[in-house]
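First up is the structure itself, then whatever we jot down about it.
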Amino acid sequence: MIETLRWLGILTITAFRDQRDLALENLALRQQLGVLKRKGVPRLQRKDRMFWVVLSRIWPLWRKALHLIKADTVVGWQRKGFRIYWARISQQKSAGRCPVSSEVRALIKRMATANPYWGAPRIQGEQLILSPEISERSVSLLRPRDRVSPLSSWALAALMKR
């Protein structure tokens with residue numbers, strides 16, 4: 001008697017449900033049945049996971065038709081896909097600065113040794129006339145480090161006069 005009432009309730013619910021929900025439920029149940037019919041231990045493949053992720057996005061009643069796995073598992077797959085998507089989007093497109101040609105490197109070194117009191121901003125300003133692609137930071141990295149600062153030469157000259 002109870003089984004008959006249960007089936008009668010299911011029949012009433014499905015009669016009032018629209019055709020789309022019924023078709024999606026049928027599709028979900030057939031997919032789970034297909035997984036169970038595979039040889040060996042039934043394991044979900046990538047296409048099965050994608051099926052449930054897509055179905056959970058387009059059908060609000062997907063949890064009712066899910067019997068093979070937990071609903072939290074499907075939500076976890078969605079989150080994992082979201083993390084993978086944004087990790088791929090945020091990956092660095094190019095590595096580092098553009099390379100500086102050897103001619104420009106040599107010119108920066110020549111300018112720095114010929115004019116020991118010029119700093120990176122002045123050398124970069126002069127470089128802008130010839131090649132506008134170099135930045136002040138690149139000039140400061142390429143400039144030789146062993147130059148004498150104006151303060152130390154002035155202090156040294158003052159000490160020698162004493």
Side-chain angles (χ1 to χ4, degrees), residues 1-109 111-112 118-146:
M1 178 71 178
I2 293 177
E3 188 68 23
T4 309
L5 287 175
R6 183 174 157 258
W7 281 107
L8 187 62
I10 291 172
L11 183 65
T12 322
I13 290 171
T14 55
F16 290 116
R17 233 191 267 171
D18 63 338
Q19 204 66 10
R20 178 180 172 262
D21 285 343
L22 192 58
L24 287 173
E25 183 180 8
N26 190 8
L27 183 66
L29 293 173
R30 283 178 185 260
Q31 193 275 338
Q32 292 178 71
L33 190 60
V35 169
L36 289 174
K37 283 185 176 180
R38 291 183 190 149
K39 291 185 178 179
V41 179
R43 294 184 187 216
L44 293 176
Q45 298 172 353
R46 179 178 283 166
K47 62 182 177 180
D48 301 324
R49 292 184 183 114
M50 290 302 296
F51 171 82
W52 282 105
V53 168
V54 170
L55 189 68
S56 68
R57 291 185 184 245
I58 64 172
W59 186 38
L61 302 173
W62 65 275
R63 292 177 195 258
K64 283 185 175 182
L66 192 61
H67 298 291
L68 195 59
I69 51 176
K70 294 181 182 178
D72 294 337
T73 306
V74 176
V75 174
W77 293 336
Q78 285 178 331
R79 289 181 180 152
K80 183 179 178 184
F82 187 76
R83 282 192 303 268
I84 290 170
Y85 172 76
W86 282 108
R88 190 172 292 145
I89 291 289
S90 65
Q91 282 178 349
Q92 192 174 5
K93 303 292 186 267
S94 63
R97 293 188 177 108
C98 296
V100 179
S101 66
S102 60
E103 295 89 17
V104 174
R105 287 176 188 261
L107 184 61
I108 289 172
K109 288 181 183 177
M111 289 174 78
W118 284 9
R122 174 73 188 263
I123 295 173
Q124 192 255 345
E126 296 293 327
Q127 281 284 338
L128 283 177
I129 298 169
L130 303 172
S131 59
E133 72 270 356
I134 190 124
S135 70
E136 182 180 330
R137 176 79 175 144
S138 297
V139 169
S140 68
L141 291 173
L142 294 173
R143 196 176 46 144
R145 294 281 169 218
D146 58 351

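The structure displayed is predicted, hence computed values, not measured ones.
- Of all heavy-atom pairs spanning Ala28 and Leu55, the tightest one is CB-CD2, 3.7 Å.
- Counting heavy atoms from C-beta outward, Leu107 and Met111 have side chains that approach closer than 4.5 Å.
- A distance of 7.0 Å separates NZ of Lys109 from CZ of Arg105, quoted to the nearest 0.5 Å.
- Contact detail for Leu128 and Ile134: the closest heavy-atom pair is CD2-O, 4.5 Å.
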*Is there a side-chain contact (heavy atoms from CB on, under 4.5 Å) between Ile84 and Lys80 once you walk through the steps?*
CA-CA 6 Å; Ile84 290 170; Lys80 183 179 178 184; 4.1 Å; yes
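- Residues satisfying the side-chain hydrogen bond (donor to acceptor under 3.5 Å, both in side chains) test with Gln31, not counting sequence neighbours, are Asp48, Trp52.
- Here the straight-line distance linking atom CD1 of Ile108 with atom CD of Glu103 works out to 11.5 Å at 0.5 Å rounding.
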*Report the C-alpha distance between Val53 and Arg57 in whole Å, list the side-chain angles of each, state the deciding distance to 0.1 Å, and finish with yes or no for side-chain contact (heavy atoms from CB on, under 4.5 Å).*
CA-CA 6 Å; Val53 168; Arg57 291 185 184 245; 4.1 Å; yes
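- Looking at Glu25, its side chain never comes within 3.5 Å of a backbone N or O of Lys64 through a donor-acceptor pair.
- Scanning both residues, Val75 and Arg63, for their nearest heavy atoms gives CG2-NH2, 4.1 Å.
- Nearest heavy atoms, Arg143 versus Gly119: NH1-CA, 3.7 Å.
- No side-chain heavy atom of Glu126 sits under 4.5 Å from any side-chain heavy atom of Val139.
- With sequence neighbours excluded, the residues satisfying side-chain hydrogen bond (donor to acceptor under 3.5 Å, both in side chains) with Gln78 are Ser56.
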